[in-house]
Amino acid sequence: MIDVGGDPGPQDVARRLREGMARGVLSFPLTAFRDDGSLDPDGFRAHVAGRLATAPGAVFPACGTGEFFSLDEDEYRTVVSVTVEEAAMGSVPVVAGTGYGWAQAARFARIAEEAGADALLVLPHYLVEAPQDGLAAQLEQLAARTRLPIVGYQRGQVAYDIGTLRRIARIPNVIGVKDGHSDLDRLQRLTLAAPDGFLFFNGAATAEIQARAYATVGVPAYSSAVHAFAPEIAGAFFTALRDGDQGTLDKLLREFYVPFVELRDRVPGYAVSLVKAAARLRGERVGPVRAPLTDPAPADLADLKALLTSGLDLVGASL
């Protein structure tokens, strides 16, 4: 629980994240690979630097969009270290992904801590369903093994009930929850049950689609995969949402975001590989995705290029 008498470390990170969420989108950079599938640190560094230049609220390396599930521990260390270096050691909060069971998550957490990350995003555990007691114990076990503040991610087989939310909020270094279920009734109940200062943000796929709805239940902050390839579009949407510019929101949703989601939904895994392909279309040296993901088919790539071109034109930018 965030408490004025508690550990100042988690409080400080929570404060910085809250301030960041108010001024910009949460950026989830792509991990760069060479054509042979090996990690491309220089390509990744350039990509991260480009994202940071647009002033995101925070940066989340090695998460879902960054193909955490495809990285070994050495690659993970490089990805987190490069992000911390580019973020100038604290000017923008760096929240590194971790996951699998708590034992493996703790190994990645130690690497993230050594690399200088500010916090951890705990991705849903692998494969098995689990009861609420187990979901809470997963975070308790990890929290006992890291000094870093933790944000839980409820998506897939992870969905916290009110009792579990209250339990994990009592863990000193658990500072928030990212939501990917988009069950606004349930989410509203969770936000009302949480202690003051506990963070929530919208982590739905292509989160802008539901950003207005999330804001109505007190969760205006969101992650943006579009920021990985079109920060101009992501920034325009964020500004319109913040300013209540409904006309601009409707135009961007109707003419870019909804068609993008329809394209994304054509093939499983396009939530990552389509984003990476769009970044390549803009000259980003991010390379291909790793299996089990696949790069977009030529016809889908052509549709993506046309949509990206028209989307950028909406905000006065170009491919």
Side-chain angles (χ1 to χ4, degrees), residues 13-30 51-52 54-61 63-66 92-95 97 119-124 151-156 158-160 175-188 190-191 194 197-246 248-254 256-258 260-261 264-265 271-272 274-275 278 311 315:
V13 173
R15 174 188 59 78
R16 290 172 57 217
L17 282 171
R18 189 177 302 106
E19 292 171 354
M21 289 173 177
R23 69 171 180 263
V25 300
L26 303 178
S27 178
F28 285 68
L30 299 155
R51 302 319 95 192
L52 290 169
T54 64
V59 60
F60 290 67
C63 293
T65 306
V92 176
V94 175
V95 184
L120 300 167
L121 176 66
V122 183
L123 304 176
V151 176
Y153 188 4
Q154 60 167 13
R155 187 170 180 168
V158 177
Y160 304 125
I175 61 172
V177 166
K178 177 182 180 183
D179 176 72
H181 285 294
S182 305
D183 181 341
L184 297 184
D185 179 288
R186 184 187 187 101
L187 182 61
Q188 181 70 94
L190 294 178
T191 62
F198 197 79
L199 302 176
F200 288 90
F201 64 93
N202 167 7
T206 316
E208 287 92 340
I209 288 286
Q210 300 184 66
R212 281 191 291 197
Y214 270 82
T216 65
V217 296
V219 184
Y222 60 92
S223 59
S224 176
V226 170
H227 186 263
F229 65 87
E232 304 96 330
I233 297 173
F237 187 94
F238 179 87
T239 299
L241 182 67
R242 181 195 61 198
D243 296 346
D245 183 350
Q246 304 302 324
T248 297
L249 290 175
D250 286 342
K251 186 176 183 65
L252 290 172
L253 287 167
R254 184 182 302 112
F256 177 76
Y257 281 99
V258 169
F260 179 76
V261 168
R264 181 203 72 195
D265 288 347
V272 176
L274 206 68
V275 170
V315 296

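Just so you know, residue 1 is the first one in the sequence shown, and it goes up from there.
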Heavy-atom distance under 4.5 Å between the side chains of F201 and Y214, does that happen here?
->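 Side chain of F201 against side chain of Y214, heavy atoms only: no contact under 4.5 Å found.
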Can you check whether V315 reaches L252 side chain to side chain, under 4.5 Å on heavy atoms?
->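 Yes, side chains in contact.
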Please report the shortest heavy-atom distance between [X] and [Y], naming the atom on each side.
{"X": "L249", "Y": "L241", "answer": "CD2-N, 3.6 Å"}
{"X": "A159", "Y": "H181", "answer": "CB-NE2, 3.6 Å"}
{"X": "A225", "Y": "V275", "answer": "O-CG1, 3.7 Å"}
{"X": "F237", "Y": "A211", "answer": "CE2-CB, 3.9 Å"}
{"X": "F200", "Y": "L190", "answer": "CZ-O, 3.8 Å"}
{"X": "G57", "Y": "R23", "answer": "O-NH2, 4.0 Å"}

Quick check for you: to the nearest 0.5 Å, what is the distance between [X] atom [atom1] and [Y] atom [atom2]?
{"X": "F28", "Y": "S223", "atom1": "CZ", "atom2": "OG", "result": "4.5 Å"}
{"X": "H227", "Y": "E232", "atom1": "NE2", "atom2": "CD", "result": "9.0 Å"}
{"X": "L199", "Y": "T191", "atom1": "CG", "atom2": "OG1", "result": "12.5 Å"}
{"X": "S182", "Y": "N202", "atom1": "OG", "atom2": "CG", "result": "6.0 Å"}
{"X": "T216", "Y": "L184", "atom1": "OG1", "atom2": "CG", "result": "6.0 Å"}
{"X": "L253", "Y": "Q246", "atom1": "CG", "atom2": "CD", "result": "9.5 Å"}

Show the numbers, then the answer: is there a side-chain contact (heavy atoms from CB on, under 4.5 Å) between V59 and R51?
-> CA-CA 8 Å; V59 60; R51 302 319 95 192; 5.7 Å; no
Measure the acute angle between the ring planes of F256 and F260, then classify it against the limits of 30° and 60° as parallel, tilted or perpendicular.
->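 Plane angle under 30°, so parallel.
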Walk me through it: do L26 and V95 pass the test side-chain contact (heavy atoms from CB on, under 4.5 Å)?
-> CA-CA 10 Å; L26 303 178; V95 184; over 6 Å; no
Option passing side chain to side chain donor-acceptor pair (under 3.5 Å) with D179 (candidates R155, Q154, R186) |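 Among R155, Q154, R186, the one meeting side chain to side chain donor-acceptor pair (under 3.5 Å) with D179 is Q154.
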So, for Y153 and F60, is the gap between ring centers shorter than 6.0 Å?
->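 Judged by ring-centre distance (under 6.0 Å), Y153 and F60 do not meet the cut-off.
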Decide side-chain contact (heavy atoms from CB on, under 4.5 Å) for Y257 and V226; before the verdict, give the C-alpha distance in whole Å, the side-chain angles of both, and the deciding distance to 0.1 Å.
-> CA-CA 9 Å; Y257 281 99; V226 170; 3.5 Å; yes
Stepwise salt bridge (Lys or Arg N to Asp or Glu O under 4.0 Å) check, D250 with R212 = CA-CA 11 Å; D250 286 342; R212 281 191 291 197; 2.8 Å; yes
